[in-house]
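Below is one structure, written out as structure tokens; comments come after it.
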Amino acid sequence: MGLLAYLKTQFVVHLLIGFVFVVSGLVINFTQLCTLALWPFSKHLYRRINCRLAYSLWSQLVMLLEWWSCTECTLFTDQATVDHFGKEHVVVILNHNFEIDFLCGWTMCERFGVLGSSKVLAKRELLYVPLIGWTWYFLEIVFCKRKWEEDRDTVIEGLRRLANYPEYMWFLLYCEGTRFTETKHRISMEVAASKGLPPLKYHLLPRTKGFTTAVQCLRGTVAAIYDVTLNFRGNKNPSLLGILYGKKYEADMCVRRFPLEDIPADETGAAQWLHKLYQEKDALQEMYNQTGVFPGEQIKPARRPWTLLNFLCWATILLSPLFSFVLGVFASGSPLLILTFLGFVGAASFGVRRLIGVTEIEKGSSYGNQELKKKE
């Protein structure tokens, strides 16, 4: 094991990475709070500044994927589709099977220059997660309770606000509503059977309300739908902890572009189109499981240096005073001061672990189990 590989497994190194992410995130959140003063005078300026502030935070996570774990991401698509990337507003539909699926989506956003302006339809609980939810709030992310009767007006209003967004955005939709588990899949297929819909083997039944509403509200702004089907070579099931330990994964993404004018404008037609899309996604996953590849040309977009440089900049600014402070604490010889510092380290470790826990499948929401509760 080389020195770098050894360092990637060390808890102290993980703690330092977490320290840089958390403290820089708090600085970024405070700066975002200050930018609210710009909103009454120039929404465009406010949005452009916050896109760059968000990039400075999100790119630290992308750095872990690209430079720390050296995970490779391969696109299965055609060059004509790639030529559109980063040059248009789009809605991205991604399967929700893995703990780091969002991170693979972000690395593609970063490589095509739309990471800071990327959007998502997020569950409202995430709004209260420090750093992540707070940053999303300033980015005008649309939050929902996943109860359509309560969400309808909020979602429509949030989507309409994005109609004149000044930078190209990729709006991510997890149409399945929650991460795939065997229990949720069984319940979902029971619902599909009751509605006369074909069964899906690798996906949950898509929830159509969010998709049809997004298409209706963003028509005229969004140019296309990107359907992304993600899988990992070797039947791997990666985690954010694995990335932090430097484990290398190989992600394959099949990307298909559908011009928005090809999507039916009415709600019923758009919902039927989405169900058909997920049947196609299921067939793509079946092909991948049998052959190990998706159809299409293999394209590997080059990683950019900005995520690494951004992290190194924050690390230089924040770790230098931290090391000076730690040396001062232990040089003081005060047992109370040393114990207080160690207690703070323990609390910080717990906090970072809780942030990582947000991505874990077994700690996911109970959304998708509602039909089971009704039966019981």
Side-chain angles (χ1 to χ4, degrees), residues 1 4-22 25 57-74 94-110 115 118 120 122-123 125-126 129-133 136 172 174 176-185 202-204 228-253 285 288-289 292 303 307-308 311 348-369:
M1 179 184 292
L4 182 58
Y6 173 76
L7 290 175
K8 289 179 179 180
T9 65
Q10 298 307 297
F11 170 75
V12 172
V13 176
H14 300 163
L15 199 57
L16 291 175
I17 292 174
F19 172 83
V20 172
F21 179 75
V22 170
L57 186 60
W58 301 150
S59 66
Q60 295 181 49
L61 297 178
V62 174
M63 182 279 300
L64 291 176
L65 185 78
E66 293 184 339
W67 295 93
W68 188 254
S69 77
C70 297
T71 291
E72 295 183 357
C73 296
T74 303
L94 178 63
N95 55 308
H96 208 9
N97 299 67
F98 305 99
E99 291 184 10
I100 66 166
D101 46 32
F102 76 97
L103 203 49
C104 293
W106 272 1
T107 192
M108 286 299 109
C109 288
E110 200 289 319
L115 177 59
S118 61
V120 66
K123 57 185 180 182
E125 296 95 312
L126 292 176
V129 176
L131 308 182
I132 298 172
W136 273 349
L172 174 62
Y174 288 117
E176 295 162 271
T178 187
R179 280 196 176 91
F180 184 101
T181 66
E182 291 300 330
T183 299
K184 291 176 181 178
H185 179 254
Y202 303 102
H203 300 84
L204 305 180
V228 182
T229 305
L230 169 69
N231 217 322
F232 289 87
R233 297 181 191 178
N235 200 30
K236 297 288 181 63
N237 191 11
S239 66
L240 192 54
L241 272 178
I243 295 295
L244 196 57
Y245 275 87
K247 293 182 180 179
K248 181 177 180 178
Y249 302 102
E250 294 177 293
D252 290 332
M253 289 180 275
Q285 288 285 29
Y288 188 90
N289 285 346
R303 61 183 180 181
T307 58
L308 180 60
F311 177 79
S349 174
F350 176 77
V352 170
R353 186 62 185 83
R354 288 294 298 272
L355 281 176
I356 293 174
V358 172
T359 70
E360 294 177 347
I361 293 176
E362 62 269 21
K363 295 183 180 178
S365 70
S366 60
Y367 187 67
N369 294 332

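Looking only at distances, a side-chain donor or acceptor of Asn95 sits under 3.5 Å from a matching main-chain atom of Leu230. Of the possible donor and acceptor atoms, one in the side chain of Arg179 sits under 3.5 Å from a partner among the backbone N and O of Glu99. Ser118 contributes a side-chain N or O that, together with a main-chain N or O of Leu115, makes up a donor-acceptor pair within less than 3.5 Å.
Nearest heavy atom pair, residue Trp136 against residue Leu126, reads CZ3-CD1, 3.6 Å. Across all non-hydrogen atoms, the minimal contact from Gly25 to Leu131 is C-CD2, 3.6 Å. Minimum interatomic distance between Thr9 and Tyr6 (heavy atoms only, all atoms of both residues): OG1-O, 2.6 Å.
Between Phe311 and Leu61, the closest side-chain pair of non-hydrogen atoms is not below 4.5 Å. Residues Lys123 and Thr178 are not in side-chain contact: their nearest non-hydrogen atoms beyond the backbone lie 4.5 Å or more apart. Residues His203 and Gln285 form a side-chain contact, since some pair of their non-hydrogen atoms from C-beta on lies under 4.5 Å apart. Looking at heavy atoms from C-beta onward, Ile17 lies in side-chain contact with Val13 at the 4.5 angstrom threshold.
Under the rule for a ring pair (Phe, Tyr, Trp, His ring centres under 6.0 Å), Tyr202 has no partner lying at least two apart in sequence or in another chain. By the side-chain contact (heavy atoms from CB on, under 4.5 Å) test, His185 pairs with Phe180, Met189, Leu204, sequence neighbours left out. Qualifying ring pair (Phe, Tyr, Trp, His ring centres under 6.0 Å) partners for Tyr174, counting only residues two or more places apart in sequence or in other chains: His96. Shown here are the side-chain hydrogen bond (donor to acceptor under 3.5 Å, both in side chains) partners of Thr71, two or more places apart in sequence or in another chain: Ser69.
The CE atom of Met253 lies 8.0 Å from the CZ atom of Phe232; values are rounded to the nearest 0.5 Å. Rounding to the nearest 0.5 angstrom, the gap separating the OG1 atom in Thr307 from the CD atom in Glu110 is 5.5 Å. Note that OG1 of Thr229 and CG of Asn97 are 9.5 Å apart. Values are rounded to the nearest 0.5 Å. To the nearest 0.5 Å, atoms CG (Leu65) and CZ (Arg303) are separated by 10.5 Å. How far CG of Leu240 is from CZ of Phe98: 15.0 Å, rounded to the nearest 0.5 Å. A distance of 14.5 Å separates CH2 in Trp106 from CE in Met108, rounded to the nearest 0.5 Å.
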Identify each donor-acceptor pair in which a side-chain atom of residues 241-251 lies under 3.5 Å from a protein atom, sequence neighbours left out, and give them as a table.
| unit_1 | atom_1 | unit_2 | atom_2 | d |
| --- | --- | --- | --- | --- |
| Lys248 | NZ | Glu72 | OE2 | 3.3 |

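Applying the salt bridge (Lys or Arg N to Asp or Glu O under 4.0 Å) test to pairs two or more places apart or on separate chains, none has a residue in residues 11-20.
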>> Applying side chain to side chain contact (heavy atoms under 4.5 Å, CB included) to Ile132 and Trp58, what does each step give before you reach the verdict?
In response: CA-CA 9 Å; Ile132 298 172; Trp58 301 150; 4.3 Å; yes
